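Indexing begins at 1, ligand by ligand and atom by atom, following the structure's order. What you see is a predicted model, and the numbers here were worked out from it, not measured in a lab.
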Amino acid sequence: MSDINSDLSLFNELVEVLLKEEEKHPVADRIESDKLYDSIDLSLNETGMVDDAFKAVLQDVIVSTPKTATNLFFNQLFGGRQSKAVLGDLLAVMLNNSMYTYKVAGPQVGIEQEIIRQSCDLIGYGSESNGTFPTGGSMSNYMALVMARDAKDPDCRNTGMSKPLVVYTSKESHYSNAKNASFAGIGRNNLRYIPADSVGRMIPAELEKQIIKDINDGFIPTYVNATAGTTVLGAFDPVDKIADITEKYNVWLHVDGAYSGSVIFSDKYKHLLKGMERSDSFSYNAHKMLGTPMTCSLILVKDKKQLHDSFSNEADYLYQTDGDDFNLGKTSFQCGRRNDALKFWTLWKSVGSNGLKQIIDQQFDLADVARDYVSNNPDYTLYSYDESISICFNYKNIDPIALCTALYEHQETVVGFGSFNADTFIRLVTINATNSKQDILNFFKVMEDFVAKTPNLTKVKEEING
Ligand SMILES: *Cc1c(COP(=O)(O)O)cnc(C)c1O
């Protein structure tokens, strides 16, 4: 057998190990970080390894790697496994194209463009729109910020920043906004944090107040980041009301939909993004709500000229055939670029837009199950709101940080915590659409059983309070 054939059969064998492990130990056997290098042979040595030992190490790694596809993983904003998307990603690895030119990507270019075109249609962007697949949501936000900067101060692309640009986001937004302000030469101090209302949405009146103040102080308002699904509460900033302001003051409006922008696929929930067609750019991560493998992020722009103006560069050694519409390197940050589109396309092609809609709606249905459970049980306090797939709660006044950590350390379930204003709570994210209602109820049972058999947990909070 050729190398690739025998490695593919080894791959299948290892995947069997993984799938069996996921059933037996939905939360992986945890290795304490200070024992990691003593527990598995991760060393790289002068001589290679013989086949059986190699396979054994790979199995060890698989067994103790955290399992993100199981019904007990609720830690972050991804989880589960959409198998048709996995198929596409495996094919992308085998094909190993680079998305910069038609010459080396061929029909993969059309696959990427078809996803972008349909996404732009769903947002309501017109015929001049386009986009690209950056490395993730942070990079999507960065590209949006750079386009906004260049639109406001075109010379800065050649001469560097000289104008006092300021940018805006809500205090509940993703932390990439601060880093990106630094990377783009705008500076973290020139990022204004706008207060959020009691349910975590940016307050438009506060935004306008700050913009007016900045204008009076000689600054140039340049960019507003509105979030579709804030990282902790899953709140949607009011895009329509924010667009009234950005249009009035001629400021770029970006919608960061990394978490929940995929609601564009749902007739039932896309109203949460009312006014999105008025934005200048929009990003969403298919590896979050749509469940593709990591990473699959899109940045879409209403006017593709902006993408071109900020990201294209001539390169004779690269662009040797075909037009710009087929040479996607002209609108990307990277040069060599992984094919993140194919996994999304195989999923979409196989289930149709109706199937994607069901994936989204299922997560909200599961969220309703969790919210109902929490609000109908006096042992719980609920901190989150309707129309979000982040369910934030505390149980029996137990310190949420201690409880999440103990659940993880005892391999019960993997779930995280978050804070909003003065409260800290457990955040259950119902983003895995392959889960059933029973899986959600099972999460609560696992947690309650664990608390019942772990009496010293309650003390933590009592000690903090006392
Ligand atoms: C996850 C997330 C991001 C970052 O996306 P990455 O792909 O992890 O870089 C940005 N914004 C929001 C609202 C997110 O939830």
Side-chain angles (χ1 to χ4, degrees), residues 68 73-80 85 89 119 131-146 148 167-184 191 193-194 196 199-202 223-239 242 253-264 269 272-273 276 279 281-300 332-334 337-338 340-341 343-344 360 363 367 384 387-392 416-420 427-432:
T68 64
F73 180 82
F74 299 99
N75 200 55
Q76 251 109 26
L77 308 179
F78 73 101
D89 212 11
S119 300
T132 185
F133 282 67
T135 51
S138 302
M139 179 57 88
S140 289
N141 289 347
Y142 179 64
M143 290 182 73
L145 180 59
V146 168
V167 299
Y168 307 82
T169 195
S170 100
K171 71 190 223 317
E172 296 303 311
S173 67
H174 190 257
Y175 70 87
S176 57
N177 283 288
K179 292 198 295 185
N180 290 342
S182 152
F183 302 157
L191 171 63
Y193 286 103
I194 307 303
V199 297
R201 301 172 302 197
M202 184 194 287
Y223 172 87
V224 174
N225 176 86
T227 308
T230 57
T231 312
V232 175
L233 288 182
F236 287 78
D237 288 345
V239 174
I242 293 171
L253 173 58
H254 172 63
V255 177
D256 173 7
Y259 180 10
S260 301
S262 302
V263 297
I264 57 174
Y269 293 99
L272 293 166
L273 282 167
M276 61 183 159
S279 64
S281 56
F282 183 106
S283 57
Y284 73 101
N285 281 358
H287 70 256
K288 286 185 173 170
M289 284 187 98
L290 291 170
T292 74
M294 297 262 215
T295 52
C296 190
S297 184
L298 290 92
I299 175 79
L300 305 159
S332 68
F333 181 91
Q334 297 143 272
R337 186 161 60 88
R338 193 182 187 282
D340 285 332
K343 58 192 163 202
F344 189 0
I360 301 303
Q363 293 160 57
S384 58
E387 302 202 305
S388 154
I389 61 161
S390 296
I391 290 75
C392 303
F417 54 84
S419 299
F420 178 64
R427 181 191 61 167
L428 173 72
V429 185
T430 58
I431 202 161
N432 177 358

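Side-chain atoms of S297 and N285 include a donor-acceptor pair closer than 3.5 Å. A donor and an acceptor atom, one from each side chain of S176 and N141, are located under 3.5 Å apart. If you check the side chains of Y259 and S390, you find a donor sitting under 3.5 Å from an acceptor. One side chain, H254 or S281, offers a donor N or O that lies under 3.5 Å from an acceptor on the other.
Within ligand 1, counting atoms from 1 as listed, the ones closer than 4.0 Å to a heavy atom of K288 are 1 (C), 2 (C), 3 (C), 5 (O), 14 (C), 15 (O). Ligand-side atoms of ligand 1 in range of G229: 13 (C), range being under 4.0 angstrom from any heavy atom. If you number the atoms of ligand 1 from 1 as listed, the ones under 4.0 Å from a heavy atom of A258 come out as 2 (C), 3 (C), 10 (C), 11 (N), 12 (C), 14 (C).
For ligand 1, one of its N or O atoms has an N or O atom of G137 under 3.5 Å away. Polar contact with ligand 1: absent for T227 (N/O pair, distance under 3.5 Å).
For the ligand labelled ligand 1, residue M139 lies outside the 4.0 Å heavy-atom shell. For L77, the heavy-atom gap to ligand 1 drops under 4.0 angstrom. Distances from ligand 1 to the non-hydrogen atoms of H287 include at least one value under 4.0 Å. Heavy atoms of S297 stay at 4.0 angstrom or farther from ligand 1.
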**OP:** Just do the side-chain hydrogen bond (donor to acceptor under 3.5 Å, both in side chains) check on Y269 and S260 with the steps written out, would you?
**Re:** CA-CA 10 Å; Y269 293 99; S260 301; over 6 Å; no
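For the atom pair OH (Y223) and CG (L253), the distance works out to 9.0 Å, reported to the nearest 0.5 Å. From I194, atom CD1 reaches atom OG of S170 across 8.5 Å, with rounding to the nearest 0.5 Å.
In this comparison of E172, Q76, H174, the heavy atom closest to atom 4 (C) of ligand 1 sits on H174. Compare N225, D256, N141 by their heavy atoms: the one nearest to atom 13 (C) of ligand 1 is in D256.
Residue N285 touches ligand 1 through its side chain alone, judged by heavy-atom distances below 4.0 Å.
In this structure, S388 contributes its side chain and L233 its backbone to a donor-acceptor pair below 3.5 Å.
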